Visitor: 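Handing you a structure now.
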Amino acid sequence: MTESEICYLSPVIDDDGAPFWRYAAQSQLRMQACASPACGELRFPPRPCCPHCGSFESEWRLMSGRGRIWSYVVPHPPLLPAYAAVAPYNAIIVELADAPRIRLVGNLVASADAALNSVDPGRLRIGAKVQVVFTDVDGVTMPRWVLERP
Amino acid sequence: MAGLKDATAIVGIGQTAFGKQLPENEKTLACRAILAALDDAGIAPSEVDAFASYTMEETDEVEVAKAVGAGDVTFFSKVGFGGGGSCATVAHLAAAVATGQASVGVAWRSRKRGSGPRPWKNTTVQLPTPAQWTRPYGLLRPADEIAMLARRYMHEYGATRDHLFNIALACRNRANQNPAAMMYERPLTRDMYMTARMISEPLCLFDNCLETDGALACVIVSAERARDCRQKPVYVHSVAQGLPSQHHGMVNYWNDDPLTGPAWTAARHLWKQADFGPDDVDVAQIYDAFTPLIPLSLEGYGFCGRGEGGAFTEGGALEIGGRLPLNTGGGGLSEAYVHGFNLINEGVKQLRGISTAQVPGAGTCLVTAGEGVPTSALLLRGA
Ligand SMILES: [Zn+2]
């Protein structure tokens, strides 16, 4: 196993997604929104133009960072080495409190820097309230989630 | 609109053995399946002038045409999105033949998934957008992506692991009748299912398709020509592709209703062109890379209402003699996982009356491609 194989996968960031990751590095959860005054719809994943009105103008709106678990899985091997090392862990989908149709894949952890398996899978519940936290993973700031009531 | 309704027919089917480690390469397997299908049809390879396969197919039409001795080829097509492309290959050839662009079409899929690497292990292709939003969090495999939807589906509608077991069992029971199936003579019990190792909770080992080496092919000609072929024609009654508004592939989490997948879009078009409806379908071959795709597809194609797909599986509904016999060769779960092409050929067998798990008097069959990705579907009708 080489060194690169035991790292988590890092996002390969595209032009549309770059602002999300730049704001994450400042510990801000921001979502792309249409900047046309008549529209203003949020959209995710980020993309060049607004599917509602066709505007190419966009802005990045600060979110409260609060949400609810919409669904979750607990992966078991076979997995890539870094993930197999912490399996079974969780991957969750968070529906944002500010924008219920915006759903982010993430991980529920005991604290920002804790391992992907730091929350007992028995504590995962659809509907549980969560709050975003940020942590550095191999040089990229990643949003993660903690339970509002730990 | 003239349309494609019954304008073409599948007149030949062919397949190789299915296994975990076949010695021959994909090109050889493809050629074997194609030549077997042409022989079944009684059509010389030199008459083939159209090909269709998947973008993920490793053997290209130039190599295949050259190897099998095809004639001048005037139509070729490749359909994207993995298992979503299976039925579309037949649909594209039906359109080409019906509009006079070609006269003998061959669709095929050859794959060494049983002995080759797992596609999700190729990290270089999986990280660009939209994977930047999913893979780093350890949502690595198609099983993880579908399990996420399955968990939500079970939560919203009360579907249970028993329902998923009913699906795995129906497919396994049919494979147990099919000597060509990888799971022939390997029965499944509820206890085996409930105690199986987890892959991505809530999905266990038996909720996942097989990993198979093998190839399949079928031959499409006009309905007129089909009457003179060796086999009883199986008419391509209706075809559809489906890429719904806002669709995001397996990670359909960003859709307004993530549980409404491509099946709904394909179904609307499929039924609009058909002379019959879901109640008239005698047997179904529904894409089963993962068990939760079945209840979602049952709902999407209109066999039951929203949220009723789990309950639909109760009381042996998917078994022979049940309300809708399912995946009668064993499907991707228990016959072979060759990106759903075995479902097409099994549909043809049913309508010829030669399936190893024959539904008595079957006259209509629904075949679907992968739900959860841009998909396609066929309604087949017997002669
Ligand atoms: Zn807009």
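Computed from heavy atoms alone, side chains included, the values below leave out hydrogens, waters and symmetry copies. Keep in mind that this is a model prediction, so the values were computed, not measured. Just so we're on the same page: letters track the sequence lines, and every chain starts at 1.
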Visitor: Are B:E156 and B:R152 close enough for a salt bridge, meaning some N to O gap below 4.0 Å?
Guide: yes
Visitor: For chain A, find which of B:H248, B:Q246, B:R197, B:E201 contributes the most heavy-atom pairs closer than 4.5 angstrom.
Guide: B:E201
Visitor: Among A:A87, A:G17, A:A91, A:P75, which residue has the highest count of heavy-atom pairs closer than 4.5 Å to chain B?
Guide: A:P75
Visitor: Does the pair B:D144/B:R141 count as a salt bridge with the N-to-O cut at 4.0 Å?
Guide: yes
Visitor: Against chain A, label B:D257 side chain, backbone, both or neither, depending on which of its atoms sit under 4.5 Å from a heavy atom there.
Guide: neither
Visitor: Would B:R306 and B:E299 pass as an ion pair if we require N to O under 4.0 Å?
Guide: yes
Visitor: Determine, using ring centers only, whether A:F44 and B:W133 are less than 6.0 Å apart.
Guide: yes
Visitor: Can you say whether A:P100 sits under 4.5 Å from chain B via the side chain, the backbone, both, or neither, judging by heavy atoms?
Guide: neither
Visitor: Got a salt bridge between B:D256 and A:R101, using NZ or NE/NH1/NH2 to carboxylate O under 4.0 Å?
Guide: yes
Visitor: Tell me the residues of residues 60-74 of chain A whose non-hydrogen atoms fall below 4.5 Å from those of chain B, in number order.
Guide: A:W70, A:S71, A:Y72, A:V73, A:V74
Visitor: So, is the end of the A:R103 side chain (NZ or CZ) under 6.0 Å from the ring centre of B:Y253 and within 45° of the ring's axis?
Guide: no
Visitor: Establish, yes or no, whether the cationic atom of B:R109 lies under 6.0 Å from the six-membered ring centre of B:F341 and within 45° of the ring axis.
Guide: no
Visitor: So which of B:T160, B:I167, B:D162 actually passes side-chain contact (heavy atoms from CB on, under 4.5 Å) with B:T313?
Guide: B:I167
Visitor: What part of A:R125 gets closer than 4.5 Å to chain B, counting heavy atoms only: side chain, backbone, both or neither?
Guide: neither
